[in-house]
Amino acid sequence: LEQEVIINGIQIVNNGTALFEVGVSNTKNSPNIFKTLIPRTSLITAAQSRAEHPLHTEHEFDANKMDKVNVTMKWDRLKVTCAQPFNKELLFGLGSLKVRTSDILKNSKKVFSGKKRKLSAFISQVTNKDSTIIKSPQSKD
């Protein structure tokens with residue numbers, strides 16, 4: 001993120017990830033320490049992982065599903081962790097990730113630059129002032 005923001009929602013499209021977790025950090029205060037925003041969450045069961053169905057599911061995490069203390073604070077870094085311990089042969093990850101920020105920013109400077117940027121194996125793209133989408137290069141939309 002290009003400035004500190006309050007994150008009030010994350011929406012993902014799963015692609016075979018069994019366990020999902022989001023950490024947040026603030027480069028000014030503690031750049032190498034990530035605190036839990038979304039605790040480890042099961043997106044699909046072990047049986048679904050082994051059967052390889054259904055792997056593509058959508059999930060919405062609003063403030064009620066996030067850590068009660070960390071959801072009220074401002075952050076400028078995200079750490080997304082995906083795991084698939086139930087099927088070692090399955091390729092997994094996220095199809096997309098959308099971050100919603102606080103309405104307070106509507107009259108503030110930009111949170112995201114508006115440019116497409118490569119983030120490891122993901123591409124980020126701003127959709128409006130209050131959200132961005134991070135999607136894998138294999139994503140069809």
Side-chain angles (χ1 to χ4, degrees), residues 1-50 52-141:
L1 306 174
E2 295 187 8
Q3 74 180 49
E4 296 174 343
V5 294
I6 296 173
I7 299 169
N8 58 18
I10 293 181
Q11 181 181 13
I12 64 165
V13 175
N14 185 25
N15 189 17
T17 295
L19 303 173
F20 173 77
E21 181 176 3
V22 176
V24 285
S25 179
N26 185 306
T27 54
K28 290 180 185 172
N29 299 333
S30 51
N32 296 320
I33 299 173
F34 284 85
K35 297 184 178 185
T36 300
L37 183 63
I38 299 174
R40 181 169 281 190
T41 303
S42 177
L43 301 179
I44 57 176
T45 66
Q48 290 170 323
S49 296
R50 287 191 279 279
E52 297 185 14
H53 182 77
L55 298 178
H56 306 287
T57 54
E58 293 184 21
H59 302 270
E60 178 79 29
F61 299 92
D62 60 15
N64 295 327
K65 295 179 182 176
M66 296 182 184
D67 181 273
K68 302 298 181 217
V69 173
N70 293 330
V71 76
T72 63
M73 301 173 72
K74 291 187 175 187
W75 308 102
D76 61 0
R77 294 177 71 196
L78 291 176
K79 178 180 177 182
V80 177
T81 305
C82 300
Q84 177 45 273
F86 309 119
N87 185 341
K88 300 295 183 191
E89 303 297 317
L90 183 63
L91 296 177
F92 67 94
L94 299 178
S96 69
L97 181 139
K98 183 176 183 178
V99 177
R100 282 195 327 257
T101 59
S102 175
D103 290 339
I104 297 168
L105 299 171
K106 288 189 178 182
N107 297 320
S108 183
K109 61 183 184 173
K110 286 185 178 181
V111 178
F112 306 99
S113 67
K115 301 174 188 172
K116 286 188 177 183
R117 293 178 289 170
K118 186 167 182 172
L119 302 172
S120 185
F122 290 88
I123 304 294
S124 73
Q125 181 177 5
V126 175
T127 57
N128 63 43
K129 278 193 227 176
D130 298 325
S131 65
T132 191
I133 294 177
I134 301 173
K135 57 186 174 180
S136 68
Q138 295 83 17
S139 181
K140 295 190 195 280
D141 49 3

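FYI, side chains are in, hydrogens and waters are out, and symmetry mates aren't considered; it's all heavy atoms of this structure.
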Rounded to the nearest 0.5 Å, what separation is found between the OG atom of Ser42 and the CG atom of Leu19? 6.0 Å
Salt bridge (charged side-chain N to carboxylate O under 4.0 Å, His left out) contacts in which one or both residues fall within residues 14-23, not counting sequence neighbours: Glu21-Arg40
Enumerate the salt bridge (charged side-chain N to carboxylate O under 4.0 Å, His left out) contacts for residues 54-65, please, sequence neighbours excluded, ordered by first and then second residue. Glu60-Arg100
Shortest non-hydrogen contact from Asn8 to Met66? C-CE, 4.1 Å
Polar side-chain atom of Ser25 near backbone of Ile33 as donor-acceptor pair, under 3.5 Å: yes
Pair Asp76, Thr27: side-chain N/O donor-acceptor within cut-off below 3.5 Å: yes
Give the minimum heavy-atom separation between Val80 and Leu94, together with the two atoms involved. CG1-CD1, 3.9 Å
Donor-acceptor under 3.5 Å (Thr17 side chain, Asn15 main chain): no
Counterpart residues, side chain to side chain donor-acceptor pair (under 3.5 Å), relative to Thr45 (two or more places apart): Gln48
So which heavy atom on Lys28 is nearest to which on Asn26, and how close? N-OD1, 2.8 Å
Let me know which of Asn70, Asp67, Ile7, Ile10 forms a side chain to side chain contact (heavy atoms under 4.5 Å, CB included) with Ile38. Ile10
Show your working on side-chain contact (heavy atoms from CB on, under 4.5 Å) between Leu90 and Glu52 and close with a plain yes or no. CA-CA 8 Å; Leu90 183 63; Glu52 297 185 14; 3.9 Å; yes
Side chain to side chain donor-acceptor pair (under 3.5 Å) filter on Ser49, not counting sequence neighbours, yields Gln84
Run the side-chain contact (heavy atoms from CB on, under 4.5 Å) test on Val22 and Thr81 for me, step by step, so that the C-alpha distance in whole Å, both residues' side-chain angles and the decisive distance to 0.1 Å come before the verdict. CA-CA 6 Å; Val22 176; Thr81 305; over 6 Å; no
Atom NZ of Lys79 and atom CZ of Arg77: how far apart are they, to the nearest 0.5 Å? 9.5 Å
Any pair with a residue in residues 68-87 that passes ring-ring contact (aromatic ring centres under 6.0 Å, His included), sequence neighbours left out, goes on the list, sorted by first then second residue, please. none
Could you work out, with side-chain contact (heavy atoms from CB on, under 4.5 Å) as the rule, every residue matching Lys88, not counting sequence neighbours? none
Non-neighbouring partners of Asn29 that pass side chain to side chain donor-acceptor pair (under 3.5 Å), sequence neighbours left out: none
Walk me through whether Leu78 and Val99 qualify under side-chain contact (heavy atoms from CB on, under 4.5 Å). CA-CA 10 Å; Leu78 291 176; Val99 177; 3.7 Å; yes
For a quick test of reading the model, state the closest non-hydrogen atom pair linking Ile44 to Gly16 and the distance between them. CD1-O, 3.8 Å
Which residues share a side chain to side chain donor-acceptor pair (under 3.5 Å) with Thr57, sequence neighbours left out: His59
Report the residues that fulfil ring pair (Phe, Tyr, Trp, His ring centres under 6.0 Å) with Phe61, sequence neighbours left out, ordered by chain and then residue number. Phe20
